[in-house]
Each structure stands twice: as structure tokens, then as C-alpha cells.
Amino acid sequence: MSSNFASNVQAKAQEVAKEDYGKAKVLLSDAARSGAYLYPFRGILYVLTHRALWKPFYSRILPTLGLTAGVLASMFFFTYLPQLAILVFLNGPLAVFTTILLIFNESSTIVNIISRNFLLQDALLDTFDGTLVARNATNIVSEGRQLKSGNDPIGRLGKILKSPFSKFTPKALVRYIMYLPLNFIPVVGTVIFIFLQGRTRGSSVHVRYFQLKGWSSSRQRDWLEHHAGPYATFGTIATLLEMVPVLSMFFIFTNTVGAALWAADIEQKNTQMAQGTAPNLRESAKEAE
């Protein structure tokens, strides 16, 4: 009887593993076809070649750099040795490096929470909208703010008609703390933790785009579920870039630009994602016709 039970458990485990592998394969395939993982890098190139988009970045550079330096110094001073003492039993010699990576991740999260809610919110909003204007997506931007005449994409931005990005939620903080112990698993745990953080990060990169489109929460959820792979890969690359010390603020802005470029391509149907829509979106389109 015990052998039958063990064989049933083993068969069920193989079935679940096969199912999860199939889902992961589909997600990776969708992500590869969409090219979403390239947009954080495209954002970097676009910022470097479009000086007009530097204005919001310059306006917040000093206070954010001070915040980043202060958080990093405090985290290393107060938490490096305690966390190293724990990780050394789990990771062995690798603990020196995994602890540093963990502190970078923790510091990046703290800086993101504080800066996005208190220092960068307006600047990131202008960056996202300004990038859309630079890509000639003025029709959608005009749904959320007034636009002036001129050639400067940032200078054209006027009064905000729709409230800006949503702020950091307690749920996101709880999720971060809940997944934090994964870092105690050597190497693989840290990789999984970064991916999970990236998945959460990816689901929020187009909040402003959805807002400008006037999509309901259910419609947004439907779109995100249908394109989970692309958003997870974008979010993972964005998370890794924002973990880079000192340059994290720069990458926060370039990732915002990358997200806006992606939104512009979706709007102009220049991406694989635009060729297929989620079921609810198709139904809505038919109703509109």
C-alpha cells in the first residue's frame, strides 16, 4: 500500500512538473517573440540620444544620489555582518558575494520606495509622457494632460488631467518581505528572488499607459495575464539594472523611457504583442464596432 502511495505521489509530482515546465516554456516563448527584454536597453540608448528627456532626470539627480548613497552606506554598515553570519552557513564561501548582492537588492528596493513616492513621481510621469510625445503618440497623452505647441517633448507637457502613477502599496512590501528568505538558498534562491521581484516590477511598468487608455482594472488584469512573459522579462531586466549602485537612479529613468517606447510600439502596432489581444479585449473591440 505504501509503495502504491509513493508511486502515486511521484506520478503527481511529475505531472505538476511537466505542467509547470510547459507553462514556463510558453511564457519564455512569448517573451522572446515580443522582444520586451530589449526595451530597458532601448530606453538607455533613447535617453542618451535625446537630450530633451534629460530635464526631469537633472531636476532630481542630487537629492536621489544623496538618498542612494545614504541607504547603501547604512545598509552595509548595519546589516552586512549580521546577514553574512547567516548566509555563510548556507552559502559557504559564496556568502561574501551573495550578501553583497542581497544588500544591493534591499537598498534598491528601499530607494525605489522612497524616491518613487516622494522624490521622483512627477519627474517619472513627465519622462513617460514626454517619451510618448517624442514618439508622436500625442493622441493618447492628450487623454491624460494638456499639451502645448513646440518641438521640445518635455516642454510641451502641460497641466495633468489624470492623476499620476499609483504609489507603492503595502501588498508589494509584504510580497518583498515574504520572498526575502529565498536569498538563503545558494545562488538559485537569489535568482528566483530577483525573477519574482522582476515579475512584480513588470506588472506596474504600464500603469500610466493603461490609465491614459482608460482601461478598467479587469481589462488591465486580462492584458497582463495574457502577456505575463513579456512583462516578467522586462521587469527582471529592469530590476537588475536598478540594482547597480550609484547608477540606479539613471536606470529608473531609462527603464521608464523603455516602458514608454514599448507602449508607443504597442499603440502603433509595431510589436508582436499588438498582433494578438486578450479575449476580453477582443470582445470589447467587437462591441465597439
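Bear in mind the structure is a predicted one, so any value in this text is a computation, not a measurement. Along the sequence shown, residues carry numbers from 1.
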Consider only side-chain heavy atoms of I, L, V, M, F, W and Y, link residues closer than 4.5 Å, and tell whether Leu101 and Val191 are in one cluster. no

Taking C-beta and beyond as the side chain, do Thr99 and Leu102 meet within less than 4.5 Å on heavy atoms? no

Any donor-acceptor pair under 3.5 Å from Ser74 side chain to Val71 backbone: no

Should Gln220 and His206 count as side-chain neighbours, where that means a heavy-atom distance under 4.5 Å? no

Got a sec, which pairs hit salt bridge (charged side-chain N to carboxylate O under 4.0 Å, His left out) with one end in residues 183-192, sequence neighbours left out? none

I want to check something: taking the side chain as every heavy atom from C-beta on, are Asn91 and Val96 in contact at a cut-off of under 4.5 Å? no

Are Glu267 and Leu132 packed together at the side-chain level, in the sense that at least one heavy-atom pair is separated by less than 4.5 angstrom? no

Start with the C-alpha distance between Tyr80 and Ile100, add both sets of side-chain angles, then the distance that settles side chain to side chain contact (heavy atoms under 4.5 Å, CB included), and finish with yes or no. CA-CA 8 Å; Tyr80 179 77; Ile100 292 174; 3.8 Å; yes

In this structure, CG of Asp126 is separated from OG1 of Thr256 (nearest 0.5 Å) by 11.0 Å

Walk me through it: do Thr127 and Phe57 pass the test side chain to side chain contact (heavy atoms under 4.5 Å, CB included)? CA-CA 8 Å; Thr127 301; Phe57 173 72; over 6 Å; no

Compute the ring centroids of Tyr39 and Phe234, then answer whether they are less than 6.0 Å apart. no

With a 3.5 Å distance limit and no angle check, can you tell me whether Arg135 reaches the backbone of Ala264 through a side-chain donor-acceptor pair? no

For Thr200 and Ser203, which heavy atoms make the closest approach, and how far apart are they? O-OG, 2.7 Å

What I'd like to find out is whether the side chain of Phe250 reaches to under 4.5 Å of the side chain of Val47, using heavy atoms alone. yes

Can you check whether Leu161's main-chain N or O pairs, donor with acceptor, with Arg145's side chain at less than 3.5 Å? no

Plane angle bin for Tyr46 and His50 - parallel if under 30°, tilted between 30 and 60°, otherwise perpendicular: parallel

Do the ring centers of His227 and Tyr231 come within less than 6.0 Å of each other? no

Within this structure, what is the CG-CZ distance for the pair Leu157 and Phe128, rounded to the nearest 0.5 Å? 12.0 Å

Heavy-atom closest pair, residues Gly198 and Thr239: CA-OG1, 3.5 Å

Do Ser115 and Leu67 touch side chain to side chain, with heavy atoms closer than 4.5 Å? yes

Any donor-acceptor pair under 3.5 Å linking the side-chain atoms of Glu143 with those of Gln211? no

Once rounded to the nearest 0.5 Å, what's the spacing between atom CG of Leu261 and atom CD1 of Ile266? 11.0 Å

Does anything in residues 178-201 form a salt bridge (charged side-chain N to carboxylate O under 4.0 Å, His left out)? List the pairs, not counting sequence neighbours. Arg201-Glu242

Are Arg156 and Thr138 packed together at the side-chain level, in the sense that at least one heavy-atom pair is separated by less than 4.5 angstrom? yes

Which value, rounded to the nearest 0.5 Å, describes the distance between Arg221 atom CZ and Trp215 atom CH2? 13.5 Å

Is there a side chain to side chain contact (heavy atoms under 4.5 Å, CB included) between Arg51 and Trp54 once you walk through the steps? CA-CA 5 Å; Arg51 294 180 63 90; Trp54 296 8; 3.3 Å; yes

Find the distance between CZ (Phe104) and OG (Ser248) and round it off to the nearest 0.5 Å. 10.0 Å

Walk me through it: do Trp262 and Tyr209 pass the test side chain to side chain contact (heavy atoms under 4.5 Å, CB included)? CA-CA 10 Å; Trp262 188 12; Tyr209 175 56; over 6 Å; no

Is a donor on one side and an acceptor on the other found under 3.5 Å between the side chain of Asn255 and the backbone of Phe251? yes

Looking only at non-hydrogen atoms, find the nearest pair between Thr233 and Ala36 and report the distance. OG1-CB, 4.0 Å

Are Ile154 and Pro56 side-chain neighbours, meaning at least one heavy-atom pair lies under 4.5 Å? yes

List the residues meeting side-chain contact (heavy atoms from CB on, under 4.5 Å) with Arg60, not counting sequence neighbours, and say none if there are none. Thr64, Leu120, Asp122, Ala123, Met249

